[in-house]
Amino acid sequence: MKPILPGSTIGILGSGQLGRMLALEARRMGYKVQTFSPEKNSPTGQIADLEYIADYNNAEAAKEFAHAVDVVTLEFENIAFDVATAIETVKPIRPRPSVLHTAQHRLREKTFLSTNLFPVTPYRRITTEADLEKALSELQTPCVLKTAGFGYDGKGQAKVNSLDEALVAWRKLESDEAILEVFVNFDREISVVAARGVDGQFTPFTPVENSHRHHILDVTIAPARISESLAVKAIEITHNVMNALDCVGVLCVEFFVTHDGNLIINELAPRPHNSGHWTIDGCVTNQFEQQLRAVCGLPLGSAEMTSPCCAMVNLLGDLWQHSEPDWVQILSDPAAKLHLYGKHEARIGRKMGHITITAETMEALAVSITRIKNILGIGS
Ligand SMILES: Nc1ncnc2c1ncn2[C@@H]1O[C@H](COP(=O)(O)OP(=O)(O)O)[C@@H](O)[C@H]1O
Ligand SMILES: [Mg+2]
């Protein structure tokens, strides 16, 4: 396969912050960018050469979009399978439609993982109240009930301790298909973001540690404070997952680390991930450039860290409810870097931007995180 060289046009499905950061890298490297989504003046569209406005389910429009670009990639994995396959008849789409099909649906994803013997928490498919009753009698509580499709940032999921709670949660989901899974009493959550090229070249970033607030990623710390052997194991699992999916591009595996030091896969994202944003300021090559290189058939870059420790703090719309955060005070730390996504409306829980900080030691990093969180008024 001939590489897709600078000067060519990258087509991005989706138009949020992940596409924006990809588009920034693509432009830096001399590529043109077009974005496909129903939104106008979107975070990605503000950076792209052309914003193609159409519904995600419009296969004809998606094909027309594909004709205008050299390769199609995505920042949003909930593209319908038939739309992705329609695109594939026109131009390469990376990752391939089958990867999206698996990763966009929690049940298909868990089934793929468990049939390939990857570690996952016990789960059951739920389509009726009777299923729920049976599943609860078989699984250990507490459990988490999640919609099978279209969940993100903790939306469409509830922790349940009993059948009564589960029934309430099920009715509230208003979905015809869900997954009930055993709640993992984890020691910590980590993730591995990695890139895989057209030729199978695999380049992982160091495993990172994630903490959530209200089910939304709050802080990522790199590297994760885990043993070397666990880090190696997490990377090996990620490599095997990408190979099993034949995934070209960037993929994130979210893991739970149990108290006895085992890894359980929580979920997959076949695209750059929020827990990889720190790589923009903390690595030789960031996750977005890696995605670009992978989907263009170029050699992958070095994923080495450029400082010993790095952290990312998410900026949610909540912070704008009274006034704009105090950027001057935040930036008075010379190691702090601000990223804002160009979103027009700061809604509660909406990802508006992030801040990265680098440090020589974990202790110094912790001090910087606390300082930033205090300025933002979100405690620690
Ligand atoms: N089975 C589980 N056991 C323990 N915590 C869970 C479980 N499922 C989800 N969570 C918590 O909720 C967060 C969000 O759930 P996740 O399945 O990753 O959905 P999303 O697509 O919203 O990221 C996880 O990062 C974790 O903190
Ligand atoms: Mg998640």
Side-chain angles (χ1 to χ4, degrees), residues 77-81 97-192 210 212 214-217 233-234 237-238 240-242 244-245 247 251-271 273 275:
E77 70 263 37
N78 285 316
I79 302 290
F81 185 62
S98 62
V99 177
L100 304 186
H101 188 66
T102 303
Q104 67 193 196
H105 188 269
R106 295 187 194 280
L107 268 163
R108 281 199 292 268
E109 181 175 284
K110 282 255 160 50
T111 307
F112 156 79
L113 290 170
S114 55
T115 50
N116 285 281
L117 306 178
F118 292 108
V120 292
T121 188
Y123 67 93
R124 294 288 185 277
R125 175 172 188 249
I126 307 295
T127 59
T128 62
E129 295 191 356
D131 286 346
L132 200 54
E133 187 168 357
K134 181 161 183 284
L136 271 167
S137 70
E138 291 166 2
L139 302 176
Q140 228 180 299
T141 53
C143 289
V144 184
L145 185 70
K146 304 179 181 181
T147 49
F150 293 99
Y152 69 100
D153 288 344
K155 291 191 174 67
Q157 59 173 276
K159 188 174 172 185
V160 297
N161 291 292
S162 64
L163 180 58
D164 283 350
E165 283 180 20
L167 287 170
V168 170
W170 165 250
R171 287 167 196 153
K172 231 167 89 188
L173 284 186
E174 289 181 0
S175 164
D176 47 19
E177 195 180 23
I179 178 170
L180 184 77
E181 58 183 51
V182 172
F183 181 84
V184 180
N185 183 16
F186 55 80
D187 172 46
R188 62 191 72 213
E189 290 187 83
I190 65 164
S191 58
V192 176
N210 301 314
H212 295 79
H214 312 302
H215 304 283
I216 304 176
L217 183 63
K233 207 163 146 193
I237 291 175
T238 305
N240 292 338
V241 166
M242 287 190 94
L245 287 169
C247 178
L251 178 134
C252 174
V253 183
E254 296 178 16
F255 294 95
F256 299 121
V257 180
T258 61
H259 290 284
D260 51 5
N262 285 314
L263 290 169
I264 293 175
I265 298 182
N266 172 31
E267 61 168 358
L268 310 177
R271 50 163 172 77
H273 191 261
S275 68

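Values reported hereafter were calculated over all heavy atoms of this structure, with side chains retained and with hydrogens, waters and symmetry mates removed.
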Exercise. Report yes if some heavy atom in the side chain of Ile264 is under 4.5 Å from a heavy atom in the side chain of Val257; otherwise report no.
Key: no
Hey, are the side chains of Asp187 and Thr258 touching, using non-hydrogen atoms and a 4.5 Å cut-off? no
Note: Ile179 and Lys110 closest approach over all heavy atoms is CD1-CG, 3.7 Å
- Message: side chain to side chain contact (heavy atoms under 4.5 Å, CB included), that's the test. Do Phe112 and Leu245 meet it? Break it down for me.
- Response: CA-CA 9 Å; Phe112 156 79; Leu245 287 169; 3.6 Å; yes
For the pair Asn185 and His259, evaluate side chain to side chain contact (heavy atoms under 4.5 Å, CB included) and give the outcome as yes or no after the intermediate values.
CA-CA 8 Å; Asn185 183 16; His259 290 284; 3.9 Å; yes
Residues Asp164, Ser162; criterion side-chain hydrogen bond (donor to acceptor under 3.5 Å, both in side chains); working and verdict:
CA-CA 5 Å; Asp164 283 350; Ser162 64; 5.4 Å; no
Output for pair (Asn116 CG, Asn240 CG), nearest 0.5 Å, gives 9.5 Å
Could you walk me through whether Asn262 and Lys233 pass the side chain to side chain contact (heavy atoms under 4.5 Å, CB included) check?
-> CA-CA 10 Å; Asn262 285 314; Lys233 207 163 146 193; 4.1 Å; yes
Of all heavy-atom pairs linking Ala234 and Phe255, the shortest is O-CZ, 3.6 Å
Value for CG (Asn210) from SG (Cys252), rounded to nearest 0.5 Å, stands at 7.5 Å
Output yes when a side-chain donor or acceptor of Glu77 lies under 3.5 Å from a complementary backbone atom of Gln104, and no otherwise.
no
CG (Leu100) and NE2 (His105) are apart, to the nearest 0.5 Å, by 14.0 Å
Rounded to the nearest 0.5 Å, the NE2 atom of His212 sits from the CD1 atom of Ile216 at a distance of 9.5 Å
ask   = Looking at side-chain heavy atoms only, is the closest gap between Phe256 and Ile190 below 4.5 Å?
value = no
Item checked: Criterion side chain to side chain contact (heavy atoms under 4.5 Å, CB included) on Glu133 and Asp131, from CA distance to verdict -> CA-CA 5 Å; Glu133 187 168 357; Asp131 286 346; over 6 Å; no
### Within 6.0 angstrom of Glu138 CD, more than 12 heavy atoms from elsewhere
yes
Tightest non-hydrogen contact, residues Leu107 and Ala178, listed as CD1-O, 3.7 Å
Would you indicate whether the side-chain heavy atoms of Glu129 and Leu167 approach each other to under 4.5 Å? yes
Side-chain heavy-atom pair His273, Glu254 within 4.5 angstrom cut-off:
yes
In terms of heavy-atom contacts, Val182 and Gln140 come closest through CG2-O, 3.8 Å
Please state whether the rings of His101 and Phe81 are parallel, tilted or perpendicular, taking 30° and 60° as the class boundaries.
tilted
**Sub-4.5 Å side-chain heavy-atom contact between Leu136 and Cys143** = yes
Query raised in the report: Between Ile265 and Thr121, is any pair of side-chain heavy atoms under 4.5 Å apart?
Result: no
d(Lys159 NZ, Asn161 CG) to nearest 0.5 Å is 6.5 Å
Given salt bridge (charged side-chain N to carboxylate O under 4.0 Å, His left out), test Glu181 with Arg106 step by step and report yes or no.
CA-CA 11 Å; Glu181 58 183 51; Arg106 295 187 194 280; over 6 Å; no
Is any side-chain heavy atom of Leu173 closer than 4.5 Å to one of Leu145? yes
Residues passing the ring pair (Phe, Tyr, Trp, His ring centres under 6.0 Å) test with Phe118, sequence neighbours excluded, are none
message = Looking at Glu109 and Leu268, would you say the former's side chain and the latter's main chain have a donor-acceptor pair under 3.5 Å?
response = yes
One should read off an interatomic distance between Cys247 SG and Arg271 CZ, to the nearest 0.5 angstrom, of 11.5 Å
